[in-house]
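Computed from a prediction, not measured in an experiment: that's the story for all the values here. Sequence positions, counted from 1, serve as the residue numbers for this chain.
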Amino acid sequence: MNTISIDYFSTPFGELVLGSFGNALCLCDWRYRKMRSEIDFRIASGLAATYQQGETPIIAQTKAQLADYFAGIAKTFDLPMLLVGSDFQKSVWHALLEVPYGTTETYRGLSKSMNNPKAIRAVASANGANALAIIIPCHRIIGSTGELVGYTGGLPAKRKLLDLESAGTTHQLSLFD
């Protein structure tokens, strides 16, 4: 049977579980999220694999890039990723990668950007099933009135991630306000 190597990584916002399969990252998720067992089962069954604790080069690379992100040094990630989910879920996760650092988007806006404006609930569900938190920035999706809604790492972590990113962007001040 195939093996998914996993290791844990403490961040300023909570503990992550990182997983690699082959030479790709397949898991970067909050260790204590509500759907932990469902996500783990989906990945293991999708890859016909079992979990085994241990660090791999891709996990070490992920930790280094996450550390740079949390330090405000990195705004993007350059990691080989293996997405495990339905075709629709994968399309949502790819769309999430297009939401720029330091910005937010709504579920409705994400649905429209995917040319599927009526799929708001399905997009929200796929967003919640994202197993590559932070790397695939599901934390950048907010409610239609601008409120913070549903984040697997918890709303306090979502707020901190958005605050981290907004502090890392430069806003040009107008001289004529």
Side-chain angles (χ1 to χ4, degrees), residues 1-86 89-90 92-97 99 101 104 107 123-143 148-168:
M1 177 154 271
N2 297 316
T3 301
I4 301 165
S5 297
I6 61 165
D7 201 12
Y8 301 99
F9 184 60
S10 293
T11 78
F13 308 111
E15 191 171 17
L16 295 171
V17 58
L18 306 175
S20 68
F21 183 81
N23 292 320
L25 186 70
C26 64
L27 182 63
C28 175
D29 204 5
W30 301 101
R31 185 172 183 183
Y32 300 106
R33 72 176 286 178
K34 287 182 182 177
M35 293 174 48
R36 174 82 278 126
S37 60
E38 292 92 334
I39 298 294
D40 292 344
F41 178 78
R42 183 186 79 221
I43 293 170
S45 61
L47 298 175
T50 58
Y51 293 96
Q52 180 178 335
Q53 191 161 356
E55 188 172 84
T56 63
I58 192 67
I59 289 175
Q61 185 180 359
T62 303
K63 287 179 179 180
Q65 289 189 27
L66 284 167
D68 285 348
Y69 168 83
F70 289 118
I73 298 166
K75 296 181 181 181
T76 60
F77 297 93
D78 182 22
L79 297 162
M81 295 182 289
L82 178 60
L83 305 179
V84 181
S86 70
Q89 287 173 325
K90 291 176 188 177
V92 171
W93 301 332
H94 283 288
L96 287 168
L97 289 168
V99 180
Y101 182 97
T104 57
Y107 293 105
V123 164
S125 178
N127 195 55
N130 174 24
L132 292 171
I134 303 170
I135 309 293
I136 296 179
C138 54
H139 60 278
R140 296 180 189 151
I141 307 304
I142 60 173
L148 297 188
V149 293
Y151 185 60
T152 59
L155 292 182
K158 183 173 190 163
R159 166 54 50 213
K160 288 178 184 178
L161 289 167
L162 293 174
D163 287 348
L164 170 73
E165 291 188 5
S166 67

[X] and [Y]: which non-hydrogen atoms are nearest, and at how many Å?
X	Y	answer
Ala133	Trp30	CB-NE1, 3.7 Å
Ala129	Ile39	O-CD1, 3.6 Å
Phe77	Ile135	CD2-CD1, 3.6 Å
His139	Leu162	O-CD2, 3.6 Å
Tyr8	Arg31	CE2-NE, 3.2 Å
Ala60	Glu55	CB-OE1, 3.8 Å

> According to the salt bridge (Lys or Arg N to Asp or Glu O under 4.0 Å) rule, which pairs have a member within residues 127-137, sequence neighbours left out?
Replying inline: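 Qualifying pairs: none.
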
> What salt bridge (Lys or Arg N to Asp or Glu O under 4.0 Å) pairs are there with at least one residue in residues 129-141, not counting sequence neighbours?
Replying inline: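 Sorted pair list: Arg140-Glu165.
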
I'd like to check the side-chain hydrogen bond (donor to acceptor under 3.5 Å, both in side chains) partners of [X]; sequence neighbours left out, ordered by chain and number.
X	answer
Gln61	none
Asn130	none
Lys158	none
Tyr107	none

>> According to salt bridge (Lys or Arg N to Asp or Glu O under 4.0 Å), who are the partners of Glu38, at least two apart in sequence or on a separate chain?
In response: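 With neighbours one apart ignored, the set is empty.
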
> Which residues satisfy the salt bridge (Lys or Arg N to Asp or Glu O under 4.0 Å) test with Lys160, sequence neighbours excluded?
Replying inline: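 So Lys160 forms no salt bridge (Lys or Arg N to Asp or Glu O under 4.0 Å) with any residue.
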
> If you round to the nearest 0.5 Å, how far is CD1 of Ile4 from CG of Leu82?
Replying inline: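 The CG atom of Leu82 sits 8.5 Å away from the CD1 atom of Ile4.
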
> Yes or no on side-chain contact (heavy atoms from CB on, under 4.5 Å) for Ile134 and Leu16, after CA distance, side-chain angles and deciding distance?
Replying inline: CA-CA 10 Å; Ile134 303 170; Leu16 295 171; 4.2 Å; yes

>> Using the side-chain contact (heavy atoms from CB on, under 4.5 Å) criterion, which residues pair with Ser86? Sequence neighbours excluded.
In response: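 Only Phe88, Gln89 meet the side-chain contact (heavy atoms from CB on, under 4.5 Å) criterion with Ser86.
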
> Partners of Thr56 by side-chain contact (heavy atoms from CB on, under 4.5 Å), sequence neighbours excluded?
Replying inline: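 Per chain and number, Thr56 pairs via side-chain contact (heavy atoms from CB on, under 4.5 Å) with Ser5, Ser20, Ile58, Ile59.
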
>> Evaluate Tyr101 against Thr76 for side-chain contact (heavy atoms from CB on, under 4.5 Å), listing each step before the verdict.
In response: CA-CA 8 Å; Tyr101 182 97; Thr76 60; 5.8 Å; no

Quiz: residues 44-54 side-chain donor-acceptor pairs under 3.5 angstrom, not counting sequence neighbours:
residue, atom, partner, partner atom, Å
Ser45, OG, Phe41, O, 2.8
Ser45, OG, Arg42, O, 3.3
Tyr51, OH, Asp40, O, 2.7

> Can you check whether Ala126's main-chain N or O pairs, donor with acceptor, with Trp93's side chain at less than 3.5 Å?
Replying inline: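 Checked: pair present.
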
>> Please check this pair: side chain of Gln65 against backbone of Asp78, looking for a donor-acceptor N/O pair closer than 3.5 Å.
In response: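 Pair found, side chain donor or acceptor close to backbone of Asp78.
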
Kindly indicate whether the side chain of [X], heavy atoms from C-beta on, has any atom under 4.5 Å from the side chain of [Y].
X	Y	answer
Tyr69	Thr11	no
Thr104	Val99	no
Leu79	Leu132	no
Tyr151	Asn127	no

> Are more than 12 heavy atoms from other residues, nucleotides or ligands located less than 6.0 Å from atom NZ of Lys34?
Replying inline: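 For Lys34, atom NZ is not crowded (no more than 12 foreign heavy atoms under 6.0 Å).
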
Donor-acceptor contacts under 3.5 Å from residues 21-28 side chains, at least two apart:
none

